[in-house]
Structures are given as C-alpha cells and as structure tokens.
*Asks:* 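Take a look at the following structure, please.
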Amino acid sequence: MKDYPRKSKKQVYLDYAAATPVSRQVEAAMRPYFTDFFGNPSSLHAQGQKAKQALESSRQTIAKLISARAEEIVFTAGGTESCNLAIFGASQALGEKRGHFIASSVEHPAVLQPLLELKKQGHSLTLLRVDAEGRVSLKELEKAIRPETFLVSVMYANNEIGTLQPISEIGKLLKKINQQRLVKKQGRIYFHTDACQAGGLHDLSAPLLGVDLMTVNGGKIYGPKQSGFLYIKTGTPISPLILGGGQEKGLRSGTENVAFAVGLAKALELAQKGRQKESLRLFALQNNLYRALQKKFPKLFLNGPRPALNARLVNNLNFTLPGVEGEAMLLYLDAHGIAVSTGSACSLNNHQPSQVLKAIGLSAKQAQDNIRISFGSNTTKAGLDYFVKTLGLLLKQLGKVVNEAK
Ligand SMILES: *Cc1c(COP(=O)(O)O)cnc(C)c1O
C-alpha cells in the first residue's frame, strides 16, 4: 500500500452510502431538544411532557410517511440495532422451537451476523443466491421455504452495488404463501427488509411493500448517526433485547433520545418530500458519470445493474478497473480530496474481499480492483468530472495507458 501526499485543497465527497452530512434543517429542528426542552419524556411535569410531545409527534410523522400507525414505530439507535431487534426479537417468539430463516446472500452484516448467530444456536439458515446483478429470484425464494420457515429478510437496496430487490413482489408472494399456510395450520412467515440505503430515495410505504418489519436509519438520510427506527406491523411477535424502564412500549428501554427522534423524523420528511426531484437529478449525474467512465476506461466494468430507475440506486456506481487495486485508487483519490470507498477493504477492516462482490461472481482479484462511488445532496457534475479526471491521472501514473482510450 502506497501513501500519497495530499495534493489538493478541493474536496469532493463521494461516500454518501457510508455517511451523509446532517442537513441544516435537521440540525435546526433538533437543537432545542438538547438545551431548552431536555426533559425526560417519562417525567410527569411540563418539561417532561414537552419532550414526550415531541417524541410522539416525530413518531406520527414517520408513521404517516410509511403509511403505518404510530404505535408500529419503535425508535432505536440506528440501522444495526433495528436489524438486530427485528431478527433476534422476532426469533424469541419461537421459544424452545428451532426455526428456519431465509435471507439474501448480499445482506449487510447488521442482518447477516445476527442470522449466523441464530444458526450457531441451532436454527437453520438459507442464504439465497443472487444473479450477476445482485438480485434475488422469487422462484429461489419460493423453493427455499419450508414448513418451519419463520422469517425472510431481504434488503431493499444493496449498500455496495446499489441493486434494488423486488421487495413488494416478495411481500405479495409471502402473503399468498401465508394464506395457504393458514389453511394448513403452518406458522406464518414474517418479512423484514433492511431499508437503510433506500430511505432517502424510495417509497417506504409498508403496506405497498408488504413487510412486517422494516429497518430505517437516520445516518444515511441526512439525519444523525445512531438514530433509527424499526417498523413492527401490529401482530408481529417481537421481544425486547434491551430491558429496563420499559420505554418504547417495553421494546427498547432507556431514556428516549428525543433530539434524535425529532432529527430522524425531519430527515425522513425532507427526503420523502424531495425524493422524486432528487432522484431525477442524481439519475442524470449517474448516467453522465457512467458514460464518461466507459469512454475513458474501456476495460472498466460495472458491478450491479446498469443505471435504471427501478434496478439500481441512482446515487451509486460500483465498478472494477482490472489491474488497478481499489485501495490504490482510494488513497490516490483521497490525496486529491476525493472520498470514495472500496469493497476490497471491507467493513470489518479485515481485508477480506467483499462478500457481495463474491456473491455476484467476481474473482478475488476483480473484487480487489474495485471502488464504490456514492453521491448525494452536495454532488455536482463538476465534482464528478474532477473525479474522472483524477482517476485518469492515476492510471497514467501507474502506466496503465492500456486502460485508457486514445
Ligand atoms: C448503514 C447500514 C446499516 C447499519 O446502519 P447503522 O445506522 O450504521 O447501524 C445496515 N444496513 C444497511 C444496508 C446499511 O447501509
């Protein structure tokens, strides 16, 4: 690994899939709840009740945005906690019984690790294969279902390669299967989706998606990190993971983070209101960038689906440049003020090539020569042009002129 000296004062942030800045409006909405309205929502005095009101009105705002009821929203400390609550919390309903769990093979570790833990405890787990673009197949899902299947967890949008999964189709399929199971007196299959990457740009209507459980976090939609919620459809069995004073209807004890609940609701409101317009703006940037990359680097190939509104996140491009290591690209770009991410140094910092890239059929080498660009509110065409130009400079420096068109 080579370290490059810092070359530029220019800053181009292209890692929105990892973290988004808290928007000014969100910051402003939260601020009074740190200092002026700091009461404990469980307190009966006016200060407490003021906080309680803010908490409940944030819950209502979120519920409305996802076509759910306020009592179906549990605030958590982010995406990881919500996924853990969905999986471990639901599995406790099995009691002594061992159940069968199904998930895609491209889930985020926040889903995958709890499922692997359940497997260790004697439950069974099927990880569905995905196609070359990272999509699960409804047929494979249907084939995987067994009488003891208890929970299906499929992410809405993939955080590495941007693939959108057919969530509402899965929801419809499970609804049909659950009707048949009712007749056969088999247990219901519950459906969880990790929507952390989709919250900013996609429809989160719970009835439309047909989900029983849905995870959304604030840190990916211009809200605070460590803010999030789990949607729990009425009737879905969930036991708490954190016990204590019984807050959040006993499902998540601990004094509520009112400021973060307010911030999360504001962030989701802004995102959902603006998502159509912003999607089109980002889609245009994505198409432009993809064309520019193809032209300049003919050997480059895209990971995940080609840009299309219903196939891939409009703010994600993940590609492999054969012969150029992702880490080398990342460090060189960073020295020029550009922040990107790579699947070669994965989230666990263990230098294992990304599971997701492996699941779509990349060799270890191809997975190593990989970077992910993800863009958002502050991304402009000029910034992306600078990225393409800088990447070209790196290839020249590496003598990889073979990669570059004349
Ligand atoms: C970021 C992310 C998570 C984890 O969320 P945190 O808020 O960081 O705990 C889970 N799933 C996906 C798809 C994510 O992108």
Side-chain angles (χ1 to χ4, degrees), residues 14-22 26 62 73-89 103-117 127 130 134-136 152-165 167 170 191-202 204 209 211 213-231 241-242 252 254 257 260-261 263-265 267-268 271 303-304 312-318 339-343 346-349 354-357 359-360 372-376:
L14 296 174
D15 201 14
Y16 284 82
T20 51
V22 172
V26 168
I62 291 170
I73 308 296
V74 171
F75 286 112
T76 67
T80 303
E81 189 187 314
S82 291
C83 291
N84 273 258
L85 179 57
I87 292 163
F88 287 133
S104 83
S105 51
V106 294
E107 294 299 307
H108 188 277
V111 166
L112 197 57
Q113 292 300 326
L115 288 172
L116 291 173
E117 179 58 32
L127 293 180
V130 293
R135 209 173 295 108
V136 295
V152 171
S153 191
V154 176
M155 72 202 314
Y156 200 141
N158 186 270
N159 46 300
E160 288 188 46
I161 57 175
T163 308
L164 295 169
Q165 300 292 354
I167 299 302
I170 296 174
F191 181 26
H192 169 245
T193 191
D194 169 2
C196 289
Q197 290 291 334
L201 295 165
H202 288 270
L204 293 184
L209 298 169
V211 292
L213 298 156
M214 177 164 64
T215 289
V216 175
N217 63 356
K220 308 274 170 71
I221 57 169
Y222 309 95
K225 294 172 189 64
Q226 294 275 312
S227 72
F229 69 86
L230 179 66
Y231 159 75
L241 308 182
I242 300 174
R252 207 282 183 179
N257 194 335
F260 276 26
L264 176 62
L268 192 65
N303 298 310
R312 167 180 205 114
L313 286 175
V314 290
N315 66 336
N316 166 299
L317 274 185
N318 182 312
V340 302
S341 148
T342 173
C346 83
S347 50
L348 300 172
N349 303 318
S354 142
Q355 279 302 115
V356 174
L357 297 177
I360 59 169
R372 176 189 72 188
I373 314 301
S374 51
F375 28 96

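Order of appearance sets the numbers: ligands from 1, and atoms from 1 within every ligand. Given the structure is predicted, the values throughout are model-derived calculations rather than measurements.
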*Asks:* Got a second to check how far I161's CD1 is from I360's CD1, nearest 0.5 Å?
*Replies:*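 So the CD1 of I161 and the CD1 of I360 are separated by 4.0 Å.
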*Asks:* Considering the options L241, I242, T215, which one meets the side-chain contact (heavy atoms from CB on, under 4.5 Å) requirement together with E81?
*Replies:*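 Of the listed residues L241, I242, T215, the side-chain contact (heavy atoms from CB on, under 4.5 Å) partner of E81 is I242.
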*Asks:* I'd like the contact residues of ligand 1, where contact means a heavy atom below 4.0 Å.
*Replies:*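 Within the 4.0 Å shell of ligand 1, which is judged on heavy atoms, sit G78, G79, T80, H108, M155, N159, D194, C196, Q197, N217, K220.
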*Asks:* Enter the distance from S82:OG to M214:CE here, rounded to the nearest 0.5 Å.
*Replies:*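 The CE atom of M214 is 10.5 Å from OG of S82, to the nearest 0.5 Å.
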*Asks:* Determine all donor-acceptor pairs shorter than 3.5 Å in which one atom belongs to a side chain in residues 216-230; sequence neighbours excluded.
*Replies:*
{"residue": "Y222", "atom": "OH", "partner": "S377", "partner atom": "N", "Å": "2.9"}
{"residue": "S227", "atom": "OG", "partner": "P224", "partner atom": "O", "Å": "2.7"}

*Asks:* So which atom in H192 and which in V111 form the shortest heavy-atom distance, rounded to 0.1 Å?
*Replies:* CE1-CG2, 4.1 Å
*Asks:* Here's a test for you: under side-chain hydrogen bond (donor to acceptor under 3.5 Å, both in side chains), which of N318, N159, N303, D15 qualifies with R372?
*Replies:*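 The option that passes is D15.
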